[in-house]
Protein chains: 2
Amino acid sequence: MKSPQEVFADFLADRNLKTTPQRRLILDTLLKQNDHLSPEELYAKVKKRDKSIGQATVYRTLKLLNESGLIEPLDFADGVTRYEPSYGEEHHDHLICERCGKNIEILDTVIERRQEELAAEHGFTLLRHKMYLYGMCGECRKKKQ
Amino acid sequence: MKSPQEVFADFLADRNLKTTPQRRLILDTLLKQNDHLSPEELYAKVKKRDKSIGQATVYRTLKLLNESGLIEPLDFADGVTRYEPSYGEEHHDHLICERCGKNIEILDTVIERRQEELAAEHGFTLLRHKMYLYGMCGECRKKKQ
DNA sequence: GGGGAAGATGAAAATGATATTCAAACAAAA
DNA sequence: TTTTGTTTGAATATCATTTTCATCTTCCCC
Ligand SMILES: [Mn+2]
Ligand SMILES: [Mn+2]
Ligand SMILES: [Zn+2]
Ligand SMILES: [Zn+2]
């Protein structure tokens with residue numbers, strides 16, 4: 001299996017785009033995290049390693065990384081798009097506490113299978129799906145009263 | 001069962017907010033549709049009936065209608081939030097053709113149950129969820145080759 | 001059926017995330 | 001190397017949504 005760096009380099013070459021230190025740095029920073037980073041947060045981290053990098057480059061690179069299949073955009077309903085590395089990772093969905101932001105990765109084969117079946121019942125070929133469960137975690141429920 | 005109008009009036013009274021012609025008109029316009037309207041689209045429709053209404057009032061009223069449980073925000077990932085009347089309607093999710101935009105409302109009790117169970121297994125109280133299935137419909141698949 | 005206080009309104013300005021523009025710097029193919 | 005197309009950072013623009021503010025309206029008490 002190719003490394004993410006290789007995948008990205010190949011993707012860029014395919015499109016006649018260039019490999020640059022900024023693009024490498026951004027991918028690298030993203031891979032070091034296994035958090036769900038917003039562009040703003042990623043920009044802060046990247047800036048620590050290269051003081052001169054610009055916000056626009058972070059947004060532009062995230063777009064490319066997404067198109068190359070290396071990362072996945074997430075919507076935790078907090079006003080920003082977050083991203084997670086997805087290359088070589090098993091698909092999963094998310095369970096989110098709307099109070100404290102706690103975020104649990106979930107995967108349920110029953111649900112995944114039914115999604116396929118549902119699509120098929122309507123004559124669709126399922127390409128992808130989004131599923132987010134929003135609720136309140138145990139700790140927050142206790143704190144509440 | 002109370003009418004949506006009554007529900008809204010009660011909701012407003014409860015919060016010491018006022019019933020106004022603008023708020024009534026917006027709810028009314030929304031109920032006449034069973035489409036998934038964006039604030040912009042709704043504003044255009046409402047404006048035909050009351051030339052003097054402002055955008056801000058539409059946004060403000062959508063927020064209130066959502067809080068009152070009468071409508072539901074949707075995220076079709078096209079850059080705008082859309083809304084659909086949900087009072088007295090059964091909950092459902094959406095199956096979307098990424099090629100032609102066709103949008104089918106789906107509901108699966110197996111999935112809904114597993115969502116609850118999954119949340120509970122992690123100590124969460126499930127408040128809401130988003131599930132969108134993206135694929136290609138039968139017609140688009142045929143047209144493709 | 002009038003005050004009058006609390007709320008609501010529309011227009012305009014502000015916000016905040018993301019995208020674009022532009023001139024200068026750079027990558028990489030030849 | 002040279003050359004050409006691409007990328008960069010800073011600044012500015014965009015676009016959906018929210019806020020501000022001065023004016024108007026609702027509705028509760030007399
Ligand atoms: Mn995740
Ligand atoms: Mn559902
Ligand atoms: Zn929590
Ligand atoms: Zn289709």
>> Run B/R114 and A/E112 through salt bridge (charged side-chain N to carboxylate O under 4.0 Å, His left out) and show every step you take.
In response: CA-CA 11 Å; B/R114 280 301 295 146; A/E112 302 280 323; over 6 Å; no
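The backbone N or O of B/P39 lies less than 3.5 Å from no partner atom in the side chain of B/Y59, so there is not a single donor-acceptor pair. Looking only at distances, no side-chain donor or acceptor of A/D35 sits under 3.5 Å from a matching main-chain atom of A/L37. Between the B/Y87 side chain and the B/K2 main chain, a donor and an acceptor come within less than 3.5 Å of each other. Checking side-chain atoms of A/R24 against main-chain N and O of A/Q5 turns up no donor-acceptor pair under 3.5 Å. No donor-acceptor pair closer than 3.5 Å links the side chain of B/R99 to the backbone N or O of B/E139.
If you measure from atom CG of B/D50 to atom P of C/dA8, you get 17 Å, rounded to the nearest angstrom. Residue B/Y43 contributes atom OH, which lies 17 Å from atom P of D/dC15 at whole-angstrom precision. Put simply, CG on B/D75 is 13 Å from C1' on D/dA16, counting in whole angstrom units. Following rounding to the nearest Å, A/D14 (CG) and C/dA28 (P) show an atom-to-atom distance of 15 Å. Here C/dA27 presents its P atom at 14 Å from CG of A/L25, a figure rounded to the nearest Å. The nearest whole Å value for the distance from the CD1 atom in B/I53 to the C1' atom in C/dA8 is 11 Å. In this entry the distance linking CG of B/L62 with P of C/dT9 reads 12 Å, nearest Å. Distance CG (A/N66) to P (C/dA19): 11 Å, rounded to an integer number of Å.
Backbone-only contact: B/S52 has heavy atoms under 4.0 Å from sugar-phosphate atoms and none from a base.
If you take CG on A/L70 and OH on A/Y83, they are separated by 13.5 Å, rounding to the nearest 0.5 Å.
Between the side chains of A/H36 and A/E105, a donor-acceptor pair is found at a separation under 3.5 Å.
Across its full length, the helix from C/dG1-D/dC30 to C/dA30-D/dT1 shows an angle of 30° between the axes of its 5 terminal pairs at either end, rounded to 10 degrees.
Proximity of B/R15 to the phosphate of C/dG7: no side-chain N or O atom is located under 4.0 Å from OP1 or OP2.
Of the candidates A/I26, A/I53, A/L62, A/T29, A/Y43 forms a side chain to side chain contact (heavy atoms under 4.5 Å, CB included) with just one, namely A/I53.
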> Which letter, B, S or -, goes with each nucleotide of nucleotides 17-30 of chain D from 5' to 3', with contact meaning a protein heavy atom under 4.0 Å?
Replying inline: BBBB-----BS---
